[in-house]
Colleague: 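Structure incoming, see below.
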Amino acid sequence: MSMRGTNPNGRNKFEHPHVRLYHWEIDSAAFRDLSAMAVCALIVISRFHNGSNNGEIIMSVSMLADRLRCSRNTAHSKLKELQEHGFIVPTRVGCFAQKNRLASTWRLTGRECNGKKATKEFMGWKPKKNPGSKN
């Protein structure tokens, strides 16, 4: 006998797609170092992950700028920030030629890809030391 609102496998019938950030991701040094706009960019990119398309997530600078309601320069810098912190890796770098317009495709390092475990590069991220600091 199944409970009201659940499938025979116990899952919620009314479950909707969602973006999930785990506590260990949010508590990582890399996440804590991200700018607020980069966190928003990570959420936007994660929204396009459907559970089976990691490594093929299409996101151009223009698409991200439109979603974040910011300039293309800002969107580009946030993609770069997410790469530097290890949250995303490009799997195909887009190009913008008159006849050949291809958006970049991305892999979220915190999620499995093509049956392989998540690489979680962001967990090994270390802040860059300033040359003038005493640390």
Colleague: N53 side chain to E56 main-chain N or O, any donor-acceptor pair under 3.5 Å?
Modeller: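 Flag not set: sc N53 to bb E56 has no pair under 3.5 Å.
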Colleague: Using the six-membered ring wherever Trp is involved, compare the ring planes of W24 and F122 and label them parallel, tilted or perpendicular (cut-offs 30° and 60°).
Modeller: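 Geometry flag for F122 against W24: parallel rings.
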Colleague: Are any side-chain N or O atoms of S28 and backbone N or O atoms of M123, one a donor and one an acceptor, separated by less than 3.5 Å?
Modeller: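 A pair under 3.5 Å: no.
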Colleague: In Å and rounded to the nearest 0.5 Å, what is the CZ to SG distance from R67 to C40?
Modeller: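 It comes to 13.5 Å.
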Colleague: Check whether any side-chain heavy atom of K80 sits under 4.5 Å from a side-chain heavy atom of E84, and report yes or no.
Modeller: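 Side-chain contact under 4.5 Å: yes.
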Colleague: List the atom of G86, the atom of E121, and the distance in Å for their closest heavy-atom pair.
Modeller: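 Looking at all heavy atoms of both residues, the closest pair is O-CB, 3.6 Å.
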Colleague: Applying the 4.5 Å side-chain criterion to the ILVMFWY set and letting contacts propagate, would W125 and L108 be lumped into a single cluster?
Modeller: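 No: no chain of side-chain contacts under 4.5 Å links W125 to L108.
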Colleague: Counting only N and O atoms by type, is there a donor-acceptor contact under 3.5 Å from the side chain of N50 to the main-chain atoms of S52?
Modeller: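 Yes.
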Colleague: Compute whether any side-chain donor of one residue and acceptor of the other, for T119 and R107, lie under 3.5 angstrom apart.
Modeller: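 Distance-only check passes for T119 and R107.
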Colleague: In Å and rounded to the nearest 0.5 Å, what is the NZ to CD distance from K120 to E112?
Modeller: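 Answer rounded to 0.5 Å: 11.0 Å.
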Colleague: Within the 4.5 Å heavy-atom criterion, are L82 and I45 side-chain neighbours or not?
Modeller: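 Side-chain contact under 4.5 Å: yes.
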Colleague: Do the side-chain N and O atoms of E81 and S35 include a donor-acceptor pair separated by under 3.5 angstrom?
Modeller: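 A donor-acceptor contact under 3.5 Å links the two side chains.
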Colleague: Other residues, nucleotides and ligands only: do more than 12 of their heavy atoms fall within 6.0 Å of CG on D27?
Modeller: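 Counting other residues, nucleotides and ligands, CG of D27 exceeds 12 neighbours.
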Colleague: Nearest 0.5 Å, what's the CZ-NE2 distance between R47 and H18?
Modeller: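 If we round to the nearest 0.5 Å, R47:CZ and H18:NE2 are 13.0 Å apart.
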Colleague: If you round to the nearest 0.5 Å, how far is NZ of K116 from CG of N54?
Modeller: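 Here the rounded value is 12.0 Å.
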Colleague: In terms of side-chain geometry, is the basic nitrogen of R32 or E25 positioned less than 4.0 Å from the acidic oxygen of its partner?
Modeller: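 Not counted as a salt bridge, because no side-chain N and carboxylate O are separated by less than 4.0 Å.
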Colleague: Do you know the tightest heavy-atom contact between A38 and K78?
Modeller: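 Answer, listing the atom of A38 first, then K78: N-CD, 3.7 Å.
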Colleague: Treating Ile, Leu, Val, Met, Phe, Trp and Tyr as nodes and any side-chain heavy-atom pair under 4.5 angstrom as an edge, say whether I26 and V44 lie in one connected cluster.
Modeller: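 Hydrophobic grouping puts I26 with V44.
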Colleague: Answer yes if F87 and Y22 sit in the same cluster of Ile, Leu, Val, Met, Phe, Trp and Tyr residues linked by side chain heavy atoms under 4.5 Å apart, and no otherwise.
Modeller: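 Same cluster.
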Colleague: Enter the distance from L42:CG to M37:CE here, rounded to the nearest 0.5 Å.
Modeller: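 Interatomic distance, L42 CG to M37 CE, rounded to 0.5 Å: 14.0 Å.
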Colleague: Do W106 side-chain atoms and G55 backbone N/O form a donor-acceptor pair below 3.5 Å?
Modeller: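 The answer is no, because no donor-acceptor pair under 3.5 Å joins these two groups.
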Colleague: Of all the heavy-atom pairs spanning A75 and C70, show the shortest one and how long it is.
Modeller: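 So the minimum-distance heavy-atom pair works out to N-SG, 3.8 Å.
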Colleague: Do you know which two heavy atoms are closest between L34 and V39, and how far apart they sit?
Modeller: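 L34 and V39 have their closest heavy atoms at CB-CG2, 3.9 Å.
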Colleague: If hydrophobic clusters are built by linking Ile, Leu, Val, Met, Phe, Trp and Tyr wherever their side-chain heavy atoms come under 4.5 Å apart, do M59 and V89 end up in the same one?
Modeller: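 Cluster IDs for M59 and V89 differ.
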Colleague: How about CD1 on I58, more than 12 heavy atoms from neighbouring residues, nucleotides or ligands closer than 6.0 Å, or not?
Modeller: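 No - once you tally the heavy atoms of other residues, nucleotides and ligands closer than 6.0 Å, there are 12 at most.
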Colleague: To the nearest 0.5 angstrom, please state how far the OG atom of S104 sits from the CG atom of L64.
Modeller: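 Here the rounded value is 11.0 Å.
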Colleague: Please answer whether the main-chain N or O of R92 pairs with a side-chain N or O of T105 as donor and acceptor at a distance below 3.5 Å.
Modeller: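 Here the side-chain-to-backbone pair exists.
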Colleague: Will you find, in the side chains of T74 and S77, an N or O donor that is under 3.5 Å from an N or O acceptor?
Modeller: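 T74 vs S77: no donor-acceptor pair found between side chains.
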Colleague: Quick check: does any side chain N or O of D66 sit under 3.5 Å from a backbone N or O of M63, one acting as donor and the other as acceptor?
Modeller: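 No.
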